[in-house]
Number of protein chains: 4
Amino acid sequence: MRMKDEIKQRALISATIATVNESGLASSSVSKIAKKAGLSPATLYIYYKDKEDLLASIYMDVKIEMSNYIINEITEESSLKKIFSQLWKAMFKYISCHREEFMFIEQFSSSPCCDIVNKKEMEKHFEPITGLIKDGIKKGEIKNVDMGLIKLFLFSPLMVLAKDMIKQGGEFKEKLIKEAFELSWDSIKL
Amino acid sequence: MRMKDEIKQRALISATIATVNESGLASSSVSKIAKKAGLSPATLYIYYKDKEDLLASIYMDVKIEMSNYIINEITEESSLKKIFSQLWKAMFKYISCHREEFMFIEQFSSSPCCDIVNKKEMEKHFEPITGLIKDGIKKGEIKNVDMGLIKLFLFSPLMVLAKDMIKQGGEFKEKLIKEAFELSWDSIKL
Amino acid sequence: MRMKDEIKQRALISATIATVNESGLASSSVSKIAKKAGLSPATLYIYYKDKEDLLASIYMDVKIEMSNYIINEITEESSLKKIFSQLWKAMFKYISCHREEFMFIEQFSSSPCCDIVNKKEMEKHFEPITGLIKDGIKKGEIKNVDMGLIKLFLFSPLMVLAKDMIKQGGEFKEKLIKEAFELSWDSIKL
Amino acid sequence: MRMKDEIKQRALISATIATVNESGLASSSVSKIAKKAGLSPATLYIYYKDKEDLLASIYMDVKIEMSNYIINEITEESSLKKIFSQLWKAMFKYISCHREEFMFIEQFSSSPCCDIVNKKEMEKHFEPITGLIKDGIKKGEIKNVDMGLIKLFLFSPLMVLAKDMIKQGGEFKEKLIKEAFELSWDSIKL
DNA sequence: GATGAATGAGTGTTCATTCAT
DNA sequence: CATGAATGAACACTCATTCAT
């Protein structure tokens, strides 16, 4: 008996991400993905229940990998502003090294089939950041408003900015990112 | 292909928007749309070159309608903050009255086929707002940073917030919107 | 606009019957049927909702045609035995001229997907025969047992016999049929 | 391929019968059957050449088991009618205790792949009954017609009746069976 | 101008079978 | 002997688009 092949699964994951980047989610057919991975479409169904499962699983994988990466990058603890600054930097660093993964999760998360992923499960991996924000509010460094609002101004401009940069050629202008972070910080700081 | 029968074209537009809202962009087939509009699929091709043209044209139509609506709502001219506050209010007013149109443009703009729309043409309709920002920078009321950055913090949290509110039942909490605007303003003000 | 084509529908019906006869129900794929009919598989879906609908509709068509044929063949009214004898003869006459249709309904009716056909609707077309049996019981010519039992001994040996004859080369031996009818009549007569 | 592991083979047989009963012949895939038997699909191919062989072999097994059962039940030898009456009773007794096996052979025997079973081999196991009929004809108790005809009126109504009873809930009404036998006997007796 | 019929190309998925272990 | 992984071929069905009327 041949063993379920780590290499094949990896091929499947990167083929899925690449296909979605090239053709868009809607045009990413199972057969396109399988062909790019060098597998038969039937093989895909050994590793994933169906197409939805394939996409959602990879989405979860990438998101978790990303959140782990970012959290590990945060070393400074002197001030909240510095921590969030590191967080922004880490994010752009990750994105610039994983453009395809990032574009994949952006496409997937704005598609309706995203609704099936376990949001609760997802949330767990962002708890450290949620904790930082709570602390900041308690210490009076951050505005005492709805937690979601803080996250909104911390992340949504970041994501849109990163997406735009990738779409427009892919250069990540550090100066612009720094400026953007200042705006973000000004929006949430007390 | 245009200017055939105003009524049929309108039916087509609202059928498209409704179908995309119900089934998602990926599952919105030409025949579904035509059926909902009470037309034959073939008739659709009299009014639009192909499916892409249909979606992109409606996207442009809705975006322009939205920008016109917003610009007309701005009456106050005393201070820039008040103007932008009105702009936010107008935006949420429009969105709450045109949920389907809004969700349509959100879905379309995060799909890859959005790339074909004429961005230059689009930009023209947002010139009044661009003008306001330029003025604000000149007068020293707004940070002297890249124009795109100002727009980013003015609009991207707004759009994400509106989308979330619609997804979570549809209630538009005015207090939250006001708070959100304060964060937005704090991010761009000097 | 091209009109829905009587000829194409007929082609579809006879292609379905022929394919089921050649390959068996289970191996009769939509594409095989369409190819034999000289049509694209997609065209089939203009005429029938899906594969089940195709098979069930044709089953109903053939059954109704068969029952009409048989009922029209009954002219004699002198004695019940003669009527039933005519019925047997008519049946074998129909079957020998419509071997493929007969084998098709035999295969379909012993398959599980037969369950979806409207049995009530079907029953209506056999009411004349049901009436004859009821009369026979009243007049004391036929045993006063469950109606289903009479039908069972009138029809099930007939069908099995016809099927066997077709399977074994296709010759319809009249003498054997006459003998068989005598057995059938002996089983139900008082 | 045979004589490997008695237990596994038995598991395979009952899994096949159960699957065919649950899903129908057409939807009974090799992997479904293997899973129900607690085996790998590959293992199945150690015991049987292919799917057809699996089904045909089991069909033969069940038919032989059934004929053995029935023949062993016949004890009485006073009159041919009593013998055949016992035969009917034995048949219904077997069927009511082995509904799944019976439905399996019914489904299989009306499918075209049934044609591959060795009819000669099959016939052997029914020789005792053939003998009884021949005797009856000689003694003048049974009509002197084609042997197949006698079998037809002895068995085909019986099988159809049993199938209907199982389909309609599964109750075996003894009175109806007795009546049916009387009709069967009347059809063949001299 | 308007249409339903028509279709080649494609969809996601399952199949019976074989292979490497 | 036994197996889970692997697959080419097939499955039922839908698609965007065109054509004849």
Side-chain angles (χ1 to χ4, degrees), chain A residues 1-5 7-9 26-34 38-55, chain B residues 1 3-5 8-9 26-35 37-55, chain C residues 1-5 7-9 26-34 38-55, chain D residues 1 3-5 8-9 26-35 37-55:
Chain A
M1 161 191 71
R2 265 173 285 178
M3 283 317 286
K4 220 164 183 168
D5 195 341
I7 295 166
K8 288 212 178 84
Q9 177 136 21
S27 307
S28 292
S29 70
V30 168
S31 50
K32 263 188 201 167
I33 291 168
L39 300 172
S40 157
T43 308
L44 192 151
Y45 289 85
I46 296 166
Y47 294 86
Y48 299 94
K49 198 172 75 58
D50 54 20
K51 196 193 178 185
E52 228 180 26
D53 182 38
L54 168 78
L55 294 169
Chain B
M1 351 74 239
M3 313 248 137
K4 308 286 146 80
D5 182 339
K8 285 202 179 98
Q9 176 135 15
S27 307
S28 292
S29 71
V30 168
S31 45
K32 258 190 203 169
I33 291 168
K35 183 178 280 177
L39 300 172
S40 160
T43 308
L44 192 151
Y45 287 84
I46 296 165
Y47 294 84
Y48 298 95
K49 193 170 80 57
D50 55 20
K51 197 192 180 186
E52 231 180 25
D53 180 39
L54 168 77
L55 294 169
Chain C
M1 164 191 70
R2 263 173 287 176
M3 282 319 285
K4 220 162 183 169
D5 196 340
I7 294 166
K8 288 210 178 85
Q9 176 134 20
S27 308
S28 292
S29 70
V30 168
S31 50
K32 261 188 203 167
I33 292 168
L39 299 172
S40 158
T43 307
L44 191 152
Y45 290 87
I46 295 165
Y47 294 85
Y48 299 94
K49 196 171 77 59
D50 54 21
K51 197 193 178 185
E52 228 180 28
D53 181 38
L54 168 78
L55 294 169
Chain D
M1 357 62 245
M3 312 246 137
K4 309 285 145 85
D5 181 339
K8 286 204 180 96
Q9 176 135 17
S27 308
S28 292
S29 71
V30 168
S31 44
K32 258 190 202 168
I33 291 167
K35 182 178 281 178
L39 299 171
S40 159
T43 309
L44 191 149
Y45 287 84
I46 296 165
Y47 293 85
Y48 298 95
K49 194 170 76 61
D50 55 19
K51 197 191 179 185
E52 231 179 25
D53 181 38
L54 168 78
L55 294 169

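Chain letters run A, B, ... following the sequence lines, proteins first, then strands; residues in each count from 1.
- If you measure from atom CD of Gln9(D) to atom P of dC1(F), you get 13 Å, rounded to the nearest angstrom.
- Note on Val30(B): a base of the nucleic acid sits closer than 4.0 angstrom, heavy atoms only.
- Leu44(C) comes within 4.0 angstrom of no nucleic acid atom, judged by non-hydrogen atoms across all strands.
- Rounded to whole Å, the distance from CG on Asp53(C) to C1' on dA12(F) is 14 Å.
- Atoms CG (Leu55(B)) and C1' (dA16(F)) sit 12 Å apart, rounded to a whole Å.
- When each of dA2(F), dA6(F), dT7(E) is scored by its nearest atom to the side-chain atoms of Lys8(A), the top-ranked nucleotide is dA6(F).
- Here the side chain of Tyr47(B) pairs a donor or acceptor atom with the backbone of Asp5(B) at under 3.5 angstrom.
- Distances shown here put a side-chain N or O of Tyr47(C) below 4.0 Å from the OP1 or OP2 atom of dA6(E).
- Between the CG atom of Leu54(B) and the P atom of dT17(F) there is a distance of 10 Å, rounded to whole Å.
- The heavy-atom pair separating Val30(C) from Pro41(C) by the smallest distance is CG1-CB, 4.3 Å.
- Looking at which nucleotide of DNA chain F each of Pro41(D) and Ser27(C) is closest to, the 5′-most match is held by Pro41(D).
- Summarising the geometry, atom CG belonging to Leu39(B) is positioned 12.5 Å from atom OG belonging to Ser31(B); distances are rounded to the nearest 0.5 Å.
- The interatomic distance linking Lys49(A) (NZ) with dG12(E) (C1') rounds to 12 Å, in whole Å.
- For the OP1/OP2 pair of dT11(E) and a distance below 4.0 Å, the side-chain nitrogens and oxygens of Ser31(A) include at least one atom meeting the criterion.
- In this model, the phosphate group of dT3(F) is approached by a side-chain N or O of Thr43(D) to a distance below 4.0 Å at OP1 or OP2.
- Minimum atom distance to the side chain of Ser40(A) is reached by dG8(F), of the listed dT17(F), dT3(F), dG8(F).
- When the local axes at the two ends of the helix from dA2(E)-dT21(F) to dT21(E)-dA2(F) are compared, using 5 base pairs at each end, they differ in direction by 20° after rounding to 10°.
- Rounding to whole angstrom units, CG of residue Asp50(D) and C1' of dC15(E) are separated by 14 Å.
- Spacing between atom CD1 of Ile46(D) and atom C1' of dC1(F) amounts to 6 Å, rounded to whole angstrom units.
- Along DNA chain E, the nucleotide nearest Gly38(B) and the nucleotide nearest Glu52(D) are compared for position; the residue whose nucleotide lies closer to the 5' end is Gly38(B).
- Side-chain atoms of Leu44(D) and Leu54(D), non-hydrogen and from C-beta on, do get closer than 4.5 Å to each other.
- Not a single donor-acceptor contact under 3.5 angstrom links the side-chain atoms of Ser29(A) to the base of dG10(E).
- A donor-acceptor pair under 3.5 Å is formed between the side chain of Lys51(C) and the backbone N or O of Ser28(C).
- Under the 3.5 Å distance criterion, the side-chain polar atoms of Lys32(A) are matched with a main-chain donor or acceptor of Ser27(A).
- Taking every heavy atom of both residues into account, Tyr48(C) and Asp53(C) meet most closely at CA-OD2, 3.5 Å.
- Residues Ser28(D) and Lys32(A) both approach DNA chain E. Their nearest nucleotides, taken by heavy-atom distance, put Lys32(A) toward the 5′ side.
- The separation between Lys35(B) atom NZ and dG4(E) atom C1' is 12 Å, rounded to whole Å.
- Comparing atom distances between the Tyr45(C) side chain and each of dT14(F), dC11(F), dT7(E) picks out dT14(F) as nearest.
- Listed nucleotides: dT7(E), dC13(F), dA6(E). Nearest to the side chain of Lys51(C): dC13(F).
- With dT7(E), dT3(E), dA16(E) as the candidates, the nucleotide lying closest to the side chain of Ala42(B) is dT3(E).
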